[in-house]
Amino acid sequence: MKIIDIITQNKLSLSFEVFPPKTETAFESVKEATEKIAELRPSFISVTYGAGGGTSKYTLDVAKNIKDRFGVPTLAHLTCVASTKETVSEKIREILSAGIENVMALRGDIPEHLQNGDRSKWDYRYAVELVRELKAAEKNLCIGGACYPEIHPESANQKEDIKRLREKVEAGCDFLTTQMFFDNNLLYNFLYKIREAGITVPVIPGIMPITNANQVDRAIKLSGSFMPQRFKSLVDKFGSDPAAMKQAGIAYATDQIIDLYANGITNVHVYSMNKPDVAAKIQANLSDILGK
Ligand code: FAD
């Protein structure tokens, strides 16, 4: 099933993100974790590509397993930077022959060793190029793109970032998923600005439950997200007690999600990071709201 059809049903829903194993030896444990998340029957599950400690090799295996064994729609991520046209074409062929209907088209982060290289020689520089190739390969694919309520770290300003986002959507994105954020007002301001700029596709907010204090620095470094004082106080108070921090982090994420639903968002994506217990608790906290 296509993500666009799920998120436009006008019914509240929750989806989860998982990442593939880094090595073959980790495959079974990751498979088990992702299957437990699939058993929760979320509206869909996205599988990252080379992010969050995973590798590109297993994205499709994990996505296909979830789709075929549990009937849960999957969204396979694909990145293009530092890839060749041949590799990307091969990946697109694999995605289509695995029967995957949804692809998250991403540029990917630029590897450190290429940061100062001559970018004019690269096969891909921006996600928009991948979006065009995916559309050309199969016009019925449902394509997602990433967006940044707090601006992509490489953008000079928000106006420029939104202009580029609009080009990416016009190239063929059916929906957008946001980078994590910890203050919902940032999302509401962003939505106002992109709608004003003529971007009309559905936007799925991405929520990251912070369940241990070590995650905080990494999350800020990766996303550049603003940490509200309310969130900082929670980490200060409970950060050294793992069980309390987990409970507080889940409660904070739940609170964010309820506020999003209350303000007209219908699907929220949770960066569940292969943690079935965290995914299950968040879903349980929303059981009456979601009717599950
Ligand atoms: P782009 O859309 O290409 O944007 C990157 C930057 O370039 C922005 O500053 C943009 O404004 C600018 N730009 C775009 N087009 C142009 C243009 N034509 N000219 C000049 N500037 C331009 N990474 C992974 O490795 N694997 C994953 O699975 C993964 N999943 C993600 C899922 C989500 C929801 C999000 C938000 C991010 C994810 N990432 C993942 C991280 C992502 O790859 C990085 O944030 C990356 O730095 C940018 O990717 P993008 O697709 O947004 O790039």
Side-chain angles (χ1 to χ4, degrees), residues 12-19 33 36-37 40 42 46 48 51-53 109 146-155 157-158 161 176-194 203-290 292:
L12 300 188
S13 57
L14 195 66
S15 51
F16 294 120
E17 180 162 296
V18 298
F19 57 80
K36 282 192 182 143
I37 294 177
L40 298 170
S46 70
T48 65
D109 284 321
C147 65
Y148 303 82
E150 294 174 74
I151 312 176
H152 186 273
E154 289 164 38
S155 286
N157 55 57
Q158 194 170 41
D161 206 29
L176 298 168
T177 305
T178 74
Q179 179 61 284
M180 67 181 88
F181 55 89
F182 299 94
D183 176 349
N184 288 0
N185 287 326
L186 293 165
L187 178 89
Y188 302 137
N189 289 340
F190 174 71
L191 287 178
Y192 176 79
K193 285 181 182 161
I194 63 167
V203 174
I204 307 177
I207 296 296
M208 168 76 93
I210 300 285
T211 53
N212 69 67
N214 300 335
Q215 246 180 302
V216 178
D217 289 345
R218 195 175 135 70
I220 298 176
K221 198 169 162 226
L222 268 177
S223 64
S225 303
F226 164 70
M227 290 279 166
Q229 189 52 45
R230 200 165 77 83
F231 187 80
K232 284 190 201 154
S233 307
L234 180 154
V235 180
D236 282 350
K237 180 79 179 167
F238 305 115
S240 55
D241 178 341
M245 183 62 222
K246 192 170 182 177
Q247 196 166 47
I250 288 172
Y252 191 94
T254 304
D255 190 45
Q256 267 193 288
I257 297 169
I258 293 173
D259 180 71
L260 291 166
Y261 288 150
N263 282 287
I265 301 290
T266 54
N267 195 94
V268 177
H269 197 53
V270 176
Y271 294 120
S272 50
M273 307 282 289
N274 297 5
K275 293 178 187 157
D277 56 333
V278 173
K281 283 211 171 100
I282 292 179
Q283 187 166 290
N285 287 346
L286 301 165
S287 57
D288 287 334
I289 291 171
L290 293 171
K292 282 206 178 203

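Any value given below was found using the heavy atoms of this structure, including those in side chains, with hydrogens, waters and symmetry copies removed.
I210 is not listed as a side-chain neighbour of Y252, based on a closest heavy-atom distance of 4.5 Å or more. You'll find the side chain of I282 reaches within 4.5 Å of the side chain of P209, heavy atoms only. At least one side-chain heavy atom of K275 sits under 4.5 Å from a side-chain heavy atom of T211. Counting heavy atoms from C-beta on, the side chains of L290 and Y261 come closer than 4.5 Å.
The NE2 atom of H269 sits 11.0 Å away from the CD1 atom of I207 when rounded to the nearest 0.5 Å. One distance of note links CG of N285 with CD1 of I257; it measures 8.5 Å at 0.5 Å rounding. If you take CZ on F190 and CD1 on I151, they are separated by 10.0 Å, rounding to the nearest 0.5 Å. Between the CD1 atom of I250 and the CG atom of D277 there is a distance of 6.5 Å, given to the nearest 0.5 Å. To the nearest 0.5 Å, the span separating CG on L286 from CD1 on I258 amounts to 5.5 Å. Atom CE of M208 sits about 7.5 Å away from atom CZ of R218, to the nearest 0.5 Å.
Contact detail for P42 and I37: the closest heavy-atom pair is CD-O, 3.6 Å. Residues Q256 and F181 share a closest heavy-atom pair of NE2-O, 2.9 Å. The minimum heavy-atom distance between L40 and P276, with the atom names listed, is CD1-O, 4.4 Å. Closest approach of P205 and N267 over heavy atoms only: CD-O, 3.3 Å. Taking every heavy atom of both residues into account, F238 and M245 meet most closely at O-CB, 3.4 Å. In terms of heavy-atom proximity, L234 sits nearest to G249 at CD2-N, 4.5 Å.
Side chain of S272 to backbone of E17: a donor-acceptor contact under 3.5 angstrom is found. Counting only distance, with no hydrogens or angles, the side chain of T178 and the backbone of P149 share no donor-acceptor pair below 3.5 Å. The closest donor-acceptor contact from the side chain of E150 to the backbone of F226 lies under 3.5 Å.
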Quiz item: side chain to side chain contact (heavy atoms under 4.5 Å, CB included) between R230 and D183: does it pass, once the steps are laid out?
Solution: CA-CA 10 Å; R230 200 165 77 83; D183 176 349; over 6 Å; no

Quiz item: Can you list the steps and then say if V216 with M227 is a side chain to side chain contact (heavy atoms under 4.5 Å, CB included)?
Solution: CA-CA 9 Å; V216 178; M227 290 279 166; 4.1 Å; yes

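Sparse packing is recorded around CG of D288, with 12 or fewer heavy atoms of other residues, nucleotides or ligands lying under 6.0 Å away.
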